[in-house]
Amino acid sequence: MQTATDRELGLGATREQLLHALYEAAELEHNLMCTYLYAAFSLRDDDGLSEEEARAVKRWRDVILHVAIDEMGHLTAVWNITAALGGVPRFGRANFPLDPGMLPAGITVKLAPFDAQVLQHFIHLERPAGSSEPDGEGFAAPWVYAREVRAVRITPMPLDYDTVGVFYERLGVSLQDFVARHGEAVAFAGDPALQLSPSEIQLNGARPVLCSKTALAAFHAIIEEGEGARIESANSHYARFLQVREELRALQAKNPSFQPAYPAATNPVLRRPLVQHGRVWIEDEDSARVVDLANTSYAAMLRLIAYAYSIPRPRAEKALAVDLGMGLMRAMTLLAERAARMPAGPSYPGCNAGMSFAALRDAAPFTPGPGARAFFVERLTEMAQVANELAQDGDARTVAAARMFESLRVRGERGFARAGEEKVTLPVVKEPTASAAAARDGSPPVPRRENGVDYIEAENMTLIYEGKRCIHARFCVTGAPKVFLANVVGPWIHPDKMDVDGLVEIAHLC
């Protein structure tokens with residue numbers, strides 16, 4: 001009789017269960033990123049603030065935005081691990097506020113402007129294991145429930161966890177278990193050229209995942225930098241939010257009427273909600289149009305990043321999609337800040353609007369080709385037209401956003417036109433060197449050694465191996481097993497068994 005153990009119930013039993021957990025991880029990081037951004041967008045300009053208060057608010061905005069960027073990096077790491085396992089990264093999520101059951105009972109997710117209780121909620125979410133930090137007032141779960149099924153199931157089932165750090169720790173253990181049973185090469189069967197790397201985006205999480213060591217390093221970075229860091233970790237999200245809380249309390253003690261944020265809506269929506277409690281319907285048409293364009297920018301950004309994951313490096317279209325997506329994020333920021341400063345409507349006196357981060361029904365990536373390129377050019381053109389209309393109000397943020405959209409439209413038209421003309425070029429046939437010819441005949445090239453360094457001549461590159469610098473991380477033999485043959489007598493490197501760009505990625509990892 002089989003006993004339901006953590007291994008059988010956990011995330012590592014099958015590849016499907018691992019992907020299921022990674023989809024939740026993506027949704028979790030995505031949701032946190034949006035809630036942090038919303039709070040940052042609501043923070044006041046220096047109007048009505050003392051010089052000391054204005055400096056503090058600017059500092060807090062920078063802190064929260066940098067934490068949100070970290071979450072974007074964590075999200076990219078989760079996407080890369082998903083792709084490394086052969087899955088398609090998860091870009092969709094539910095609309096705010098999240099319905100009970102989407103996440104464990106202890107995690108409530110909603111959009112709210114910055115205040116002491118929202119900050120306490122962030123501290124609670126980022127708390128290390130063993131911390132007694134309570135949740136912010138108004139964020140307690142309406143009821144306690146259990147998602148986890150304590151029985152053996154082949155259908156992926158959700159887990160319960162007290163902190164996000166615990167979730168990632170369990171995910172790491174399950175991944176190790178999966179790799180131990182199937183082997184590195186079978187487990188990490190996805191094409192690494194589809195992942196995002198520093199060639200496309202400068203985020204800490206944008207490192208190619210080729211093996212369990214690189215995947216576990218990504219999980220560890222997420223835990224240490226953010227959710228689940230040790231209490232003594234000075235640069236963790238938890239520590240940074242604690243510092244903001246200390247400064248906020250000190251300023252409110254000096255000035256009890258100090259309000260660091262505009263009264264942006266809690267859970268704004270653009271149409272009358274079926275469940276009206278806890279949501280603000282933006283009735284003011286000018287505000288609604290700004291929010292609508294901000295939401296459209298956000299959705300198009302997700303489309304572009306998803307598209308980038310379907311295009312292999314080093315095609316220029318991959319970097320173009322990411323670059324346009326990041327440009328839309330910058331334009332979205334201006335519009336979201338503008339929305340938080342505009343009225344919600346007559347039914348909500350004293351309440352401002354706010355970007356709602358409306359989710360697409362399906363954010364799955366488009367198939368690369370002319371249809372996708374036409375879509376993106378059309379969408380950029382539509383957004384630029386609406387932004388130009390909004391800029392007629394003369395507000396500095398909408399005017400700047402309109403200039404950004406026009407620039408993105410031009411870059412998109414030119415870049416996607418070039419991508420459509422891009423040809424796959426065949427390698428030039430040349431007389432091979434004796435070493436390269438030997439490699440194509442099935443035997444590895446003989447290294448040329450100088451001062452203890454081996455130079456292995458391939459047809460289109462020279463691979464350099466210095467044994468004294470090798471730390472035996474096994475990135476080479478796990479990431480390119482046909483190139484690097486472990487435990488053989490004699491020459492062991494076949495550089496022509498893999499494309500040059502793939503070998504360059506592995507060399508960078510080493």
Side-chain angles (χ1 to χ4, degrees), residues 31-71 96-97 106-128 131-141 163 226-227 229 231-268 278 280 333 336-344 348-355 397:
N31 287 324
L32 291 178
M33 179 188 75
C34 291
T35 57
Y36 293 155
L37 287 174
Y38 191 87
F41 296 155
S42 74
L43 285 167
R44 298 176 67 91
D45 301 320
D46 56 7
D47 56 307
L49 302 179
S50 70
E51 185 177 341
E52 182 184 21
E53 290 167 347
R55 284 199 308 269
V57 168
K58 183 180 184 302
R59 188 163 57 248
W60 301 343
R61 182 185 291 109
D62 290 342
V63 168
I64 298 173
L65 287 176
H66 279 98
V67 169
I69 291 170
D70 287 346
E71 298 297 348
F96 295 110
I107 298 180
T108 299
V109 180
K110 61 183 180 182
L111 298 177
F114 180 92
D115 64 13
Q117 296 308 320
V118 168
L119 178 59
Q120 184 60 40
H121 176 59
F122 293 167
I123 291 170
H124 178 75
L125 289 177
E126 301 279 359
R127 72 193 187 283
S131 169
S132 59
E133 285 286 351
D135 208 343
E137 184 180 346
F139 287 90
T163 67
E227 309 87 1
I231 290 178
E232 65 272 17
S233 181
N235 198 42
S236 67
H237 298 172
Y238 176 73
R240 282 183 266 178
F241 284 144
L242 287 180
Q243 180 62 35
V244 172
R245 184 176 68 182
E246 182 179 332
E247 294 176 2
L248 175 62
R249 287 175 173 174
L251 287 173
Q252 288 182 327
K254 289 182 180 180
N255 177 15
S257 63
F258 170 48
Q259 295 293 333
Y262 293 102
T266 295
N267 298 323
V280 172
T333 295
E337 290 177 344
R338 172 66 173 147
R341 290 151 176 79
M342 300 177 74
Y348 307 93
C351 178
N352 286 359
M355 179 183 173
R397 286 184 170 89

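Quantities reported herein were computed from a predicted structural model and do not represent experimental measurements.
In this structure K58 satisfies the side-chain hydrogen bond (donor to acceptor under 3.5 Å, both in side chains) test with no other residue, sequence neighbours excluded. Not a single side-chain hydrogen bond (donor to acceptor under 3.5 Å, both in side chains) links E137 to another residue, sequence neighbours left out. Remark: E246 engages no residue in a side-chain hydrogen bond (donor to acceptor under 3.5 Å, both in side chains) (not counting sequence neighbours). A search for side chain to side chain contact (heavy atoms under 4.5 Å, CB included) contacts involving D45 returns D47, R61, Y262, R341, R397, not counting sequence neighbours. For F96, there are no ring pair (Phe, Tyr, Trp, His ring centres under 6.0 Å) partners at least two apart in sequence or on another chain. Looking at residues two or more places apart in sequence or on another chain, you find a side chain to side chain contact (heavy atoms under 4.5 Å, CB included) between L119 and F114, I123, F241, V244, R245, L248. Shown here are the salt bridge (charged side-chain N to carboxylate O under 4.0 Å, His left out) partners of R59, two or more places apart in sequence or in another chain: E247. Under the rule for a side-chain hydrogen bond (donor to acceptor under 3.5 Å, both in side chains), N352 has no partner lying at least two apart in sequence or in another chain. Applying the side chain to side chain contact (heavy atoms under 4.5 Å, CB included) criterion to D115, with sequence neighbours excluded, gives Q117, V118. A339 pairs by the side chain to side chain contact (heavy atoms under 4.5 Å, CB included) definition with V290, V291, not counting sequence neighbours. Every residue meeting the ring pair (Phe, Tyr, Trp, His ring centres under 6.0 Å) condition with F139, not counting sequence neighbours, appears here in chain and number order: H121.
Of the inter-residue distances, the one linking I64 atom CD1 with H237 atom NE2 reads 12.0 Å to the nearest 0.5 angstrom. Here the CG atom belonging to L65 is positioned 11.5 Å from the CE atom belonging to M33, to the nearest 0.5 angstrom. Atom-to-atom distance recorded for L49:CG and R44:CZ is 5.5 Å, nearest 0.5 angstrom.
Under the 3.5 Å distance criterion, the side-chain polar atoms of N267 are left unmatched by any main-chain donor or acceptor of K110.
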